[in-house]
Amino acid sequence: MALTLYLVYLWVPTEVNLGISQRIFYLHLPLAWLGMISILVVAVASGMHLITRKEKWDSMAYAAAEIGVVLISLLLITGIIWNEPAWGRWWTWDARLTTTLILWFIYVAYLMLRAYGPKGSQGARYGAVVALIGAIDTPIIYMATVWWRTQHPELNIGPLAEPGGLDSRMQLTLWVSLLTFTVLYVYLLVERYSLRRSEAGLDEMFRNAT
Amino acid sequence: MLGLFLLLTIAVVQLQAISVDAAEDDTGRSVEGEVLPQQTADEDYDPEANLPYLFAVFMVTWAGLFGFVFVMTRRRREMQSELNTLRKAISEQDKSREPHRRGPNE
């Protein structure tokens, strides 16, 4: 993490058009990447839960959804802050921004359903269905800059990204930042998953004791 | 402790970043010695004009991530206290059953 901070704030050259605000990119893009990864984890775990009915898959989906909502919230906030110096306005109903906001609403709805909806296996099944429907938005977000004319910059990572779009030092900083945030994400996911499993086990013990 | 260390590191890095950018502005050259096109074309161009936005993004991101870790830690602590309550309840239940178990043997 210290290396990433060094690269982002001291080593990487300042971009000529956006100036120092372009360094937001090295935080914004990992948040977007991990937000999408998180939603994919939710979708896969929810699918597995519907097939196998095992509680561990539901716990994994819940943990990934919670972290996903945190990451997508940060993604939207950092995007809004960056919009002002880059585009001259805080928010615009651009295709990528709008589809990301829709994804955020879907996963907030998922967490609310799990918190206030039916408990036990029924709630888990409802949640899994909502998560799978919400995951359809993920490829739409990724392809938004290809399918529609948007203000948002084109793809920087993934199979459709054009190679050589960034300076080599900027690319290296981006990859180091992505790696660092991915490690942090895995740590948070493992911690939240184990906590969720413990919570479920404790609830069961309480039910048996009373 | 780790959080404090990270915050200190962040503060130092931020201060260094500001001083390096200020040095760039004075000379009109980047660290690598390349003249920035906007600086030569437009005298008013200031690459660090958007520093508050960068600082805001930095603060929001880390506050969000640390906030999440804090909430997780609090939940773990609450769970630990629930576990202790449950252990106590089970041991009290066992104690109250003890005389009944011994009864027929005595």
Side-chain angles (χ1 to χ4, degrees), chain A residues 1-2 4-28 30-31 63 66-67 69-71 73-86 169 181 184-185 187-188 191-192 194-196 198-199 201-203 205-206 208-210, chain B residues 2 5-6 9-10 12-21 24-25 30-41 45-65 67-69 71-76 78-80 82-83 85-87 89-90 93:
Chain A
M1 191 54 83
T4 306
L5 290 172
Y6 169 76
L7 293 179
V8 171
Y9 291 99
L10 295 176
W11 186 74
V12 76
T14 303
E15 208 260 350
V16 289
N17 294 316
L18 291 168
I20 205 162
S21 73
Q22 189 269 341
R23 288 166 200 247
I24 293 172
F25 172 72
Y26 306 107
L27 290 175
H28 183 72
L31 289 172
E66 213 174 81
I67 299 171
V69 166
V70 171
L71 292 172
S73 303
L74 292 174
L75 171 71
L76 286 168
I77 296 167
T78 55
I80 287 167
I81 297 169
W82 196 11
N83 280 351
E84 175 59 16
R169 283 169 295 175
F181 274 89
L184 179 66
Y185 171 76
Y187 167 75
L188 288 176
E191 280 292 304
R192 186 64 191 99
S194 74
L195 184 61
R196 178 73 184 170
S198 306
E199 281 170 353
L202 196 62
D203 283 347
M205 279 169 73
F206 261 113
N208 293 339
T210 51
Chain B
L2 185 67
F5 171 72
L6 266 175
T9 313
I10 288 159
V12 169
V13 168
Q14 279 288 340
L15 285 171
Q16 281 182 333
I18 291 164
S19 62
V20 167
D21 285 330
E24 278 180 10
D25 196 40
S30 66
V31 179
E32 291 74 23
E34 295 163 351
V35 178
L36 302 174
Q38 264 79 354
Q39 284 174 305
T40 52
Y45 177 72
D46 181 9
E48 64 173 276
N50 297 322
L51 193 63
Y53 296 102
L54 179 65
F55 185 71
V57 163
F58 189 85
M59 290 307 287
V60 164
T61 306
W62 288 109
L65 292 174
F68 182 68
V69 171
V71 168
M72 266 205 318
T73 312
R74 208 181 57 183
R75 276 186 194 161
R76 193 173 285 279
E78 282 171 4
M79 206 178 67
Q80 193 62 47
E82 277 180 28
L83 194 65
T85 312
L86 192 66
R87 276 196 190 126
I90 290 170
Q93 213 170 26

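The basis for the numbers below is simple: all heavy atoms, side chains too, and nothing from hydrogens, waters or symmetry mates. Proteins come first, then strands; the chains are lettered A, B, ... in the order of their sequence lines, and each starts at number 1.
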- Message: Under the rule for side-chain hydrogen bond (donor to acceptor under 3.5 Å, both in side chains), what residues qualify as partners of A:Ser73, not counting sequence neighbours?
- Response: A:Trp104

Side-chain contact test, heavy atoms from C-beta onward, threshold under 4.5 Å: evaluate it for [X] versus [Y] and give yes or no.
X	Y	value
B:Phe68	A:Glu66	yes
A:Arg192	B:Arg75	yes
B:Val57	A:His28	no
B:Arg76	A:Ser194	yes
B:Val69	A:Glu191	no

Contact class of [X] relative to chain B, heavy atoms under 4.5 angstrom:
X	value
A:Leu31	side chain
A:Leu195	both
A:Ile77	side chain

- Task: Please flag which part of B:Ala89 lies under 4.5 Å from any non-hydrogen atom of chain A: side chain, backbone, both or neither.
- Result: neither

- Message: To the closest 0.5 Å, what do you measure between CD1 (A:Ile80) and OH (B:Tyr53)?
- Response: 13.5 Å

- What distance do B:Met79 atom CE and A:Arg196 atom CZ have between them, rounded to the nearest 0.5 Å? 12.0 Å

- Indicate the atoms forming the closest heavy-atom contact of B:Leu65 with A:Phe181, along with that distance. CD1-CE2, 4.0 Å

- Item | Candidate list A:Leu27, A:Ile81, A:Ile24, test side chain to side chain contact (heavy atoms under 4.5 Å, CB included), partner B:Leu54, passing option | A:Ile24

